[in-house]
Amino acid sequence: MASRELSDLRPSTRKKIDAWLIECAKEISQPIFLTCTYRSQEEHDKVYAQGRTAPGSIVSWTRHTTHSERRSVDFAFRMPNPFDLKADVDQDGIADFTEAGRIAQSLGLQWGVVLKNGRHVDLGHIQDNEIVESA
């Protein structure tokens, strides 16, 4: 089963995610909760099969996942619809998912998937593309 534990992330990624969560708590009134940190490749293969060779909706766009490398998190907000991408609960004129994504980017993390046209998809995904491990 996929993990939601920060301790399952690479140490360098965890530091960035910890900083991201702290900044989000300062800027966004709705608390974030993690829906996935680590997921084995075997588990991800099952997720990828959904909507293709297994019942269900397509939920993954790739066979490769940074979750199995312990360098990404999926998240949502504690509100009636935790995946409402347009919600602006703190009413600051910026959708909460967008605000969380911009904070992640300011900390050197990748927010979601950026398409060739610059559009973001998978707005509830943050990943660390710079792997730096100290001894």
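The shortest side-chain heavy-atom distance between R102 and I94 falls under the 4.5 Å cut-off. At a threshold of 4.5 Å between non-hydrogen side-chain atoms, the residues V73 and H125 do not count as touching. Two residues are said to be in side-chain contact when any heavy atoms from C-beta on lie closer than 4.5 Å; Y48 and V59 fail this criterion. Contact of the P82 side chain with the F33 side chain is registered, since non-hydrogen atoms from C-beta on lie closer than 4.5 Å. Residues D45 and R63 fail the side-chain proximity criterion, which asks for heavy atoms closer than 4.5 Å. No side-chain heavy atom of Q110 sits under 4.5 Å from any side-chain heavy atom of Q105. Residues D84 and M79 are in side-chain contact: their nearest non-hydrogen atoms beyond the backbone lie under 4.5 Å apart. Between T65 and R39, the closest side-chain pair of non-hydrogen atoms falls below 4.5 Å.
The same ILVMFWY cluster, assembled from side-chain heavy atoms under 4.5 Å apart, contains both F77 and W20.
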query: Can V89 and I28 be said to form a side-chain contact (heavy atoms from CB on, under 4.5 Å), step by step?
result: CA-CA 8 Å; V89 176; I28 305 169; over 6 Å; no
field: From CA spacing to verdict: side-chain contact (heavy atoms from CB on, under 4.5 Å), S7, R14
entry: CA-CA 7 Å; S7 60; R14 181 172 178 176; 3.9 Å; yes
message: Does I103 form a side-chain contact (heavy atoms from CB on, under 4.5 Å) with W111? I'd like the steps, not just the answer.
response: CA-CA 9 Å; I103 292 168; W111 169 40; over 6 Å; no
- request: Begin with the C-alpha distance, continue with both residues' side-chain angles, and end with the deciding distance and a verdict on side-chain contact (heavy atoms from CB on, under 4.5 Å) for D92 and E99.
  value: CA-CA 10 Å; D92 62 358; E99 201 164 357; 2.8 Å; yes
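Taking the ring centroids of F97 and F75, they lie under the 6.0 Å cut-off.
The shortest heavy-atom contact between A95 and D88 is CA-CB, 4.3 Å. Closest approach of Q41 to S68, counting heavy atoms only: OE1-OG, 3.5 Å. The shortest heavy-atom contact between T37 and H67 is O-ND1, 2.7 Å. Closest of all the heavy-atom pairs between A100 and I32 is CB-CD1, 4.3 Å. L85 and L123 make their closest contact through CD2-CB, 3.9 Å (heavy atoms, listed as atom of the first residue, atom of the second, distance). Of all the heavy atoms in G101 and I126, the pair that sits closest is CA-CD1, 4.5 Å.
Donor-acceptor pairing under 3.5 Å is lacking for the side chains of T66 and E69. Using a 3.5 Å distance cut-off with no hydrogens or angles, the side chains of D96 and Q30 do not pair a donor with an acceptor. A donor-acceptor pair shorter than 3.5 Å cannot be found between the side chains of H44 and E42. T13 and D128 share a donor-acceptor pair across their side chains, judged by distance under 3.5 Å alone.
Remark: E23 engages K26 in a salt bridge, criterion side-chain N to carboxylate O under 4.0 Å.
Here I22 contributes atom CD1 and I17 contributes atom CD1; the two are 11.5 Å apart, rounded to the nearest 0.5 Å. Considering SG of C36 and CD of E43, their distance stands at 8.0 Å, rounded to 0.5 Å. For the atom pair CG (L9) and CZ (R71), the distance works out to 11.5 Å, reported to the nearest 0.5 Å.
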